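All figures in this text were calculated on a predicted structure; none of them were measured in a lab. Throughout, protein chains are lettered first and strands after them, A, B, ... in sequence-line order, and every chain is numbered starting at 1.
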Amino acid sequence: MKEGTKLMFWAVIPVMLGMITVRLARGTTGADWEWAIGPVFALLFILAQIAVERERQADPLILPLACVISGIGLVEIYSINPGLAGRQLFWIFLGVAILVWGVVGTFDYLRLQNYGYVWAVLGVLLLVLTLLFGKEVGGARAWLAIGPLSFQPSEVAKVLLILFLAGYLKDGQEILGGAGRAFWGVSLPAMLYLGPLLLMWGVLLVLLILQRDLGQAFLFFGILLGMVFLVSGRTSYVLGGGLALIAAGLLTYNIFPHVRARVDVWLHPWQDPSGRGYQIVQALYAIASGGLFGTGAGFGYPELVPACETDFIFAAVFEEMGLFGALFVVGSYLLLVYRGFKIARDAPGDFGKLVAGGISILLGLQTFTIIGGVTKLLPLTGVTLPLMSYGGTSIITSFAGLALLVKISERERVFEWNAT
Amino acid sequence: MERNLRRALGAFIALFCILAFYVGYISLRFGPKLASDPGNPRITLKERSVHRGDILARDGEVLATTSYEGSGPRRIYMGPLSLAHIIGYVHPSYGKSGIEREYNAVLISHETGYRGILDAGWASLSATPRGYDLVLTIDLKLQRSIEGLLRGMRGAIVVLRPDTGEVLAMASSPAFDPNSLDRDWDRLLRDPESPLLPRETQGLYTPGSAFKVILAAAALEAGVVSFRKVFRCPGYIEVGGKTVGCISAHGRLNFERAFAVSCNVTFIKVGQSVGPHGFYEMARRFGFNLDLPFDLPLKASSFPEEGRLGPHLLAQVSIGQGPILVTPLHMAMVAATVANRGAMMRPFIVSEVRGDDGIPIKRTRPQELARPITEATAEKLTTLMKDVVAYGTGYRARVGGLSVAGKTGTAENPHGQPHAWFIGFAPADHPKIAFSVVVENGGFGGTVAAPIAQKIILEAAKGWR
């Protein structure tokens with residue numbers, strides 16, 4: 001048995017234990033079909049791992065990590081609402097299926113770079129459509145409905161735009177990073193090169209801000225900054241971008257009352273604990289009630305926190321699995337980000353490096369942002385916790401990103417193998 | 001680009017480390033306090049889903065328990081009414097008080113989650129979990145017997161074990177019936193005698209001459225006075241243009257006798273010899289102006305800062321008048337310190353936290369709070385306090401066949417008759433109890449409080465054979 005498959009067996013154990021514990025805690029209120037959630041989940045991932053590892057030299061850690069992370073999320077969603085757990089399992093199944101199909105299939109990711117501007121156009125289109133026809137949920141117009149189903153286009157747009165950026169930037173190493181007459185650290189050719197890009201990005205950000213989806217706007221900005229850094233190596237771009245971000249933050253704070261409200265609640269949640277501060281206060285109570293080892297899966301009251309199954313899933317983990325559970329999750333995400341960067345490093349071409357790097361940056365940044373928001377380290381932004389939050393769009397785009405990573409890693413190993 | 005990737009990864013490692021440390025910090029630092037914060041909805045939910053633990057007396061007799069008769073769980077109080085303030089109550093509208101409040105988290109806590117299943121087996125998951133029980137230090141026989149001693153009066157009694165700090169009995173009068181709060185609440189709130197007030201821990205009184213114990217301690221430790229030092233008392237003394245009177249003109253008397261008869265003139269002179277600094281220091285060492293630790297909220301006793309002690313104020317505090325305020329519990333602790341050879345023990349009323357099967361989860365161990373005086377000083381004070389009962393103002397606390405030590409107090413106050421105090425311990429040479437008795441506006445300490453103390457000692461002595 002391959003290394004990764006052995007790991008996968010280990011990875012499913014905590015998830016199964018969690019499921020059993022929650023089912024037992026539910027006692028007589030639990031239904032019989034709920035016993036199946038754990039085994040089905042485990043089977044899905046073990047089969048997927050075998051499929052991915054069968055003939056390929058793909059990265060063996062990505063799927064086990066995804067299994068542990070999405071599994072812990074599934075346990076908590078189950079504890080909160082078993083019906084949702086069933087649906088989440090379905091989304092995870094779809095996501096894993098896409099990943100396996102993408103990896104096992106003969107699809108060559110390098111072809112993606114040829115469609116550069118298509119991705120950009122698609123991304124912008126999605127956002128425009130959301131602005132015009134979107135549903136408003138929780139103060140942000142972030143959802144698009146097609147018939148009975150609704151999804152979050154901005155999540156998809158993020159991945160599309162990583163693909164676009166990778167294609168656009170991959171040839172820009174000399175222009176952005178090389179020597180040249182510098183004008184406040186930015187050379188003239190660089191400005192010309194970046195100009196159109198910044199313009200388009202500005203459009204995107206405005207669209208997002210108009211939709212009141214500030215969390216996504218922040219992430220888009222972060223992806224751009226991160227990928228430009230990867231290509232140029234110049235911290236001056238990052239610093240400049242950071243300053244622009246602070247300026248934008250101050251501007252929106254003064255212009256938009258809801259931004260001011262967000263920041264006030266972040267700094268002084270206890271001033272309005274039953275009104276604006278209710279969500280973060282309940283999250284803090286949940287975290288505090290967890291202690292070191294948690295109340296035990298199914299023994300806490302995570303459902304007391306609003307949006308506990310989506311944005312605030314981490315608070316549920318913290319309550320039922322304690323500080324150790326929380327640190328375990330943070331560590332797992334860090335490992336995943338590390339794997340992503342490793343895949344980027346070993347990728348054979350600049351396009352692959354940039355895609356993998358971009359996805360890793362997105363994963364790391366989004367995770368940090370939402371966990372920070374839930375624990376009051378940062379102001380709250382309406383972004384999901386990748387792989388853990390309940391939601392079809394979130395899960396599928398997360399797995400799609402992982403699929404790209406594994407695909408790129410596979411190519412890398414094949415390349416090494418050929419070289420010997 | 002490899003280098004840039006590495007640097008980007010480094011940035012994320014740093015970010016996640018910050019996150020990890022922050023998360024650990026808030027969890028460890030704010031976690032426990034937030035979790036038991038009354039605003040946490042989990043507490044109410046948990047309370048409803050847990051069988052609240054019992055509160056037991058020293059010998060295991062049940063004082064408070066949860067009954068499931070009728071519509072849902074109800075708390076029933078079976079102990080003597082004098083324990084009402086200590087045990088407190090749990091009421092859906094009127095909230096919680098006493099031990100029920102301070103130990104709420106313990107009474108609804110139990111092993112949860114994985115450990116709970118392992119300990120109690122699968123069966124525990126369907127049964128309603130039971131919170132921990134509390135065992136108190138209260139001696140029920142003693143408590144019941146002191147119950148009637150304050151009938152019709154306002155005041156408090158505290159009985160401690162000097163060597164451990166255990167509270168053997170504690171009563172505040174008037175009291176109330178925690179079982180009939182629904183019926184009585186409005187009346188209790190409006191009653192001018194404040195039956196809901198736990199006078200033992202929240203009542204602040206002027207101590208009067210009972211405070212002379214502390215001044216004597218200061219004088220003896222400073223070497224400013226000896227038993228045989230002679231004083232002259234013409235029945236009054238002039239300080240700073242004002243005259244302070246004494247109970248009678250004692251004439252020539254030594255310090256030992258002056259303590260026994262509570263001569264104000266002598267003590268004002270002693271106070272002057274000790275001086276503001278020495279006096280303030282001793283009061284501080286006895287725990288004045290400090291929040292002393294106890295299982296229930298305890299008001300801090302106060303003694304004026306030494307900078308404020310001009311000649312007139314110094315004279316006042318020397319006889320226990322003026323801006324001194326004490327709680328009955330604190331005065332019992334003062335007596336207990338003398339009884340315990342100068343070591344002040346931490347008072348406590350919860351002796352044990354007991355789990356489901358009767359096995360103790362936590363036992364309180366006696367803890368020494370401070371040593372305000374040396375053993376030698378304690379011995380001298382014991383002799384002085386024995387004299388008070390042998391031939392002094394406290395003779396009505398005498399018990400045949402036993403040596404009793406004490407000090408009377410008659411505290412002038414602006415609300416009418418003086419407060420009657422008596423503090424002390426018995427048997428004087430191998431003390432088993434230390435106590436304080438205060439009767440609000442009761443009159444002379446020797447006349448009103450000392451006889452109550454006598455009855456307390458007689459009752460407690462039954463258990464000493």
Side-chain angles (χ1 to χ4, degrees), chain A residues 21 24-25 27-28 173 177 226 229-233 235 273 281-282 284-301 304 318-320 322-323 326-327 330-331 333-334 337-338 340-342 344-345 350 353-354 356-357 360-361 364-365 367-368 371-372 375-377, chain B residues 1-46 48-50 105 109-119 121-129:
Chain A
T21 314
L24 286 173
T28 46
Q173 287 199 72
F229 172 74
L230 286 182
V231 160
S232 69
T235 41
V281 160
Q282 292 305 314
L284 292 173
Y285 277 138
I287 292 173
S289 304
L292 270 182
F293 294 100
T295 61
F299 288 93
Y301 299 94
L304 291 172
F318 216 138
E319 176 178 2
E320 300 206 321
L323 178 62
L327 288 176
V330 171
Y333 274 109
L334 185 58
V337 170
Y338 158 70
F341 276 105
K342 179 178 184 297
R345 185 197 69 190
D350 283 346
K353 284 188 196 308
L354 278 169
S360 306
I361 291 173
L365 203 56
T367 303
F368 179 77
I371 293 185
T375 55
K376 203 177 104 61
L377 176 62
Chain B
M1 210 189 299
E2 278 77 12
R3 186 167 157 265
N4 302 335
L5 285 165
R6 219 176 335 125
R7 290 162 77 189
L9 174 61
F12 275 106
I13 293 179
L15 276 181
F16 275 66
C17 280
I18 293 174
L19 197 56
F21 277 114
Y22 171 77
V23 145
Y25 171 69
I26 58 165
S27 172
L28 294 171
R29 173 96 153 68
F30 300 105
K33 206 169 60 124
L34 250 191
S36 45
D37 182 86
N40 187 353
R42 284 161 188 76
I43 296 190
T44 324
L45 282 174
K46 211 172 165 209
R48 288 204 217 117
S49 69
V50 171
S109 112
H110 56 281
E111 290 297 330
T112 57
Y114 310 113
R115 286 169 295 168
I117 299 177
L118 286 173
D119 285 343
W122 306 119
S124 71
L125 288 166
S126 40
T128 311

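Side-chain contact between A:Arg345 and B:Leu9: absent, with no pair of heavy atoms (C-beta onward) separated by less than 4.5 Å.
B:Arg3 does not touch chain A: none of its heavy atoms, backbone or side chain, sits under 4.5 Å away. Using a 4.5 Å cut-off between heavy atoms, B:Ile26 touches chain A through its side chain atoms alone. Only the side chain of A:Leu292 comes within contact range of chain B, with heavy atoms under 4.5 Å apart. Within the 4.5 angstrom heavy-atom criterion, atoms from both the backbone and the side chain of A:Ala286 approach chain B. Contacts of A:Leu230 with chain B are made by both backbone and side-chain atoms, with heavy-atom separations under 4.5 Å.
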If you look only at distance, which donor and acceptor atoms sit under 3.5 Å apart when one is on a side chain in residues 13-23 of chain B and the other is two or more places apart or in another chain?
residue	atom	partner	partner atom	Å
B:Tyr22	OH	A:Thr375	O	2.6
B:Tyr22	OH	A:Lys376	O	3.4
B:Tyr22	OH	A:Leu377	N	3.4

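Among all heavy-atom pairs drawn from B:Ala8 and A:Phe341, the shortest one is CB-CE2, 3.6 Å. Shortest non-hydrogen contact noted between B:Glu2 and A:Lys353 is OE2-NZ, 2.9 Å. Here the closest heavy-atom approach between residue A:Gly291 and residue B:Ser27 is recorded as O-OG, 3.9 Å. For the residue pair A:Tyr285 and B:Asp37, the shortest heavy atom distance occurs at OH-OD2, 2.7 Å. In this structure, A:Ala288 and B:Leu34 approach most closely via the heavy-atom pair CB-CB, 3.4 Å.
For B:Arg7 (side chain) and A:Gly233 (main-chain N/O), a donor-acceptor pair under 3.5 Å exists by modelled atom type.
Listed options B:Pro32, B:Gly24, B:Gly39 were ranked by heavy-atom pairs under 4.5 angstrom with chain A; first place goes to B:Gly39. When A:Leu327, A:Leu334, A:Thr235, A:Leu284 are compared by the number of non-hydrogen pairs under 4.5 Å with chain B, A:Leu334 comes out ahead.
We find the CD1-CG distance between A:Ile361 and B:Leu5 to be 8.0 Å, quoted to the nearest 0.5 Å.
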